[in-house]
Undergrad: 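I'd like to ask you about the structure that follows.
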Amino acid sequence: MPEGLEAEIYRRAAERVVGRAVAAVEVDDRQAMAGELRHALPGRTVMSARRCGKLVVLDLDDTVALGLHFGMTGRLIVDGFAPIDELVYASGRDDPAWNRLVLTFTDGTLLRVNDPRRWAAFTLDPDVERLGPDFLDLSADLLGERLRGRRAAVKTLLLDQTIVAGFGNLCIDEVLFQAGVAPGASVAELTHGQLGEIAAAARRHLPAMLERGGSHTGVLTPVLRALLPPCPRDGAPLQRSTVGGRTTVWCPVHQIV
DNA sequence: GCCCTTGTTACGCC
DNA sequence: AGGCGTAACAAGGG
């Protein structure tokens with residue numbers, strides 16, 4: 001599913017359209033800003049492709065920003081090139097009926113978002129100020145600042161995009177596994193050293209997963225999550241539970257509450 | 001045909 | 001007031 005890593009993969013693909021001018025816009029009528037998008041984009045040139053957490057932002061003519069959010073199953077296709085062929089929990093097909101946004105450029109090329117489940121969302125001038133700092137830029141001090149005064153489970157809070165932006169279910173479980181911190185641990189109980197372990201695990205493992213292809217390429221693969229073999233680190237029985245309303249896989253031996 | 005999956009938001013409660 | 005927990009949401013796949 002598209003987490004911040006997939007958003008970065010999509011952002012890199014979207015860089016191909018920098019310098020191109022929008023000729024036509026097709027957008028799903030069920031998008032809240034469908035009318036505004038059809039009106040605001042044609043004639044404008046893409047100046048840059050940024051990423052804020054899970055959001056890809058295209059800046060057009062320095063006057064408008066187009067935010068692309070991919071939900072659970074949204075895929076980006078640029079000039080027929082899909083940087084991610086298959087998403088975990090998504091269909092492998094590319095049915096034209098699932099196109100939710102199609103930008104046609106003046107040279108005839110295309111940027112498409114294809115999403116079977118309609119959870120992709122497109123916004124003009126998205127409010128990125130409400131997002132927390134990016135999950136690829138964490139430090140112990142920054143995490144401490146973002147979590148100060150809170151007491152909920154660390155996984156629940158890291159899933160909150162206003163606290164840290166970019167984490168999804170798979171990346172959180174992977175980082176906490178590597179950091180040796182239990183997902184259900186209250187942040188009020190975490191030491192500064194444990195926050196440092198989380199930040200270090202994010203800085204070390206997330207870029208490696210990005211280059212391997214995304215959030216499903218950690219030690220806790222989707223197959224492992226389904227089959228629950230012994231912990232690859234210490235051989236203890238892996239545990240599956242629910243934290244923050246999400247399926248959570250963790251090792252009760254080396255991940256400390 | 002029920003149940004599982006995810007990210008986000010809307011509620012009710014404390 | 002605001003943190004916290006839970007449910008609802010869409011819809012394809014098993």
Side-chain angles (χ1 to χ4, degrees), chain A residues 1-10 27-34 51-57 67-76 84-101 113-123 126-132 134-135 144-176 183-190 209 214-218 220-228 240-250:
Chain A
M1 64 277 351
E3 306 186 14
L5 297 184
E6 283 71 25
E8 175 60 20
I9 291 168
Y10 290 156
V27 58
D28 186 355
D29 279 324
R30 290 160 69 159
Q31 287 288 325
M33 302 186 80
R51 181 185 62 83
C52 301
K54 299 171 182 173
L55 192 70
V56 172
V57 181
L68 306 177
H69 193 272
F70 296 91
M72 179 173 158
T73 54
R75 284 173 299 173
L76 184 73
I84 300 177
D85 288 331
E86 296 201 18
L87 289 166
V88 179
Y89 300 121
S91 164
R93 288 189 293 141
D94 177 16
D95 188 327
W98 297 337
N99 284 341
R100 307 304 177 194
L101 176 71
V113 177
N114 184 271
D115 176 25
R117 302 190 202 181
R118 291 187 191 267
W119 276 29
F122 317 117
T123 50
D127 180 13
V128 297
E129 297 304 312
R130 52 188 294 280
L131 295 173
D134 195 79
F135 73 150
E145 177 191 320
R146 300 304 294 171
L147 300 175
R148 186 173 304 139
R150 307 294 293 261
R151 49 204 354 272
V154 60
K155 173 168 177 175
T156 302
L157 295 178
L158 291 179
L159 281 170
D160 183 338
Q161 303 295 298
T162 69
I163 294 179
V164 173
F167 276 118
N169 198 40
L170 297 183
C171 285
I172 293 252
D173 280 7
E174 181 71 19
V175 165
L176 294 177
S186 164
V187 295
E189 310 296 327
L190 294 185
M209 292 162 70
S215 51
H216 58 293
T217 64
L220 301 183
T221 60
V223 169
L224 178 146
R225 296 175 68 88
L227 299 180
L228 293 188
R240 186 187 296 118
S241 53
T242 299
V243 179
R246 296 294 160 236
T247 300
T248 301
V249 172
W250 60 293

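Just so it is clear: chains get the letters A, B, ... in the order the sequence lines come, proteins before strands, and each one is counted from 1. As a basis for the values below, the full set of heavy atoms in this structure was taken, side chains included, without hydrogen atoms, waters or symmetry mates.
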Undergrad: Provide a list of protein-nucleic acid N or O atom pairs under 3.5 angstrom, restricted to nucleotides 9-11 of chain C.
TA:
{"from": "C:dA10", "atom 1": "O4'", "to": "A:Trp119", "atom 2": "NE1", "distance (Å)": "2.9"}
{"from": "C:dA11", "atom 1": "OP1", "to": "A:Arg118", "atom 2": "NE", "distance (Å)": "2.8"}

Undergrad: Nucleotides 2-4 of chain B: which of its N/O atoms have a protein N/O under 3.5 Å away?
TA:
none

Undergrad: Listed by chain and number, what are the side chain to side chain contact (heavy atoms under 4.5 Å, CB included) partners of A:Ala34, not counting sequence neighbours?
TA: A:Val27, A:Gln31, A:Arg38

Undergrad: Listed by chain and number, what are the ring pair (Phe, Tyr, Trp, His ring centres under 6.0 Å) partners of A:Phe135, not counting sequence neighbours?
TA: A:Phe167

Undergrad: Holding to side chain to side chain donor-acceptor pair (under 3.5 Å), I want the full list of residues that pass it with A:Trp119, two or more places apart in sequence or in another chain.
TA: none

Undergrad: So which protein N/O to nucleotides 1-4 of chain C N/O distances come out below 3.5 Å?
TA:
{"from": "C:dC4", "atom 1": "OP1", "to": "A:Arg151", "atom 2": "N", "distance (Å)": "2.5"}
{"from": "C:dC4", "atom 1": "OP1", "to": "A:Ala152", "atom 2": "N", "distance (Å)": "3.2"}
{"from": "C:dC4", "atom 1": "OP2", "to": "A:Arg150", "atom 2": "NE", "distance (Å)": "2.5"}
{"from": "C:dC4", "atom 1": "OP2", "to": "A:Arg150", "atom 2": "NH2", "distance (Å)": "2.8"}

Undergrad: Pull out every protein N or O sitting under 3.5 Å from an N or O of nucleotides 9-14 of chain B, one pair per line with the distance.
TA:
none

Undergrad: List in chain and number order the residues that pass side chain to side chain contact (heavy atoms under 4.5 Å, CB included) with A:Ile9, two or more places apart in sequence or in another chain; answer none if no residue qualifies.
TA: A:Pro83, A:Ile84, A:Leu210

Undergrad: Do you know which two heavy atoms are closest between A:Asp127 and A:Arg130, and how far apart they sit?
TA: O-CG, 3.1 Å

Undergrad: With sequence neighbours left out, write down each residue that passes side chain to side chain donor-acceptor pair (under 3.5 Å) with A:Asn114, or none if nothing qualifies.
TA: A:Arg75, A:Asp94, A:Asn99

Undergrad: Compute the bend angle of the helix from B:dC2-C:dG14 to B:dC14-C:dG2 from the end axes (five pairs per end), rounded to 10°.
TA: 50°

Undergrad: Partners of A:Lys155 by side chain to side chain donor-acceptor pair (under 3.5 Å), sequence neighbours excluded?
TA: A:Asn169, A:Asp173, A:Thr248

Undergrad: Report the residues that fulfil side chain to side chain donor-acceptor pair (under 3.5 Å) with A:Thr221, sequence neighbours left out, ordered by chain and then residue number.
TA: none

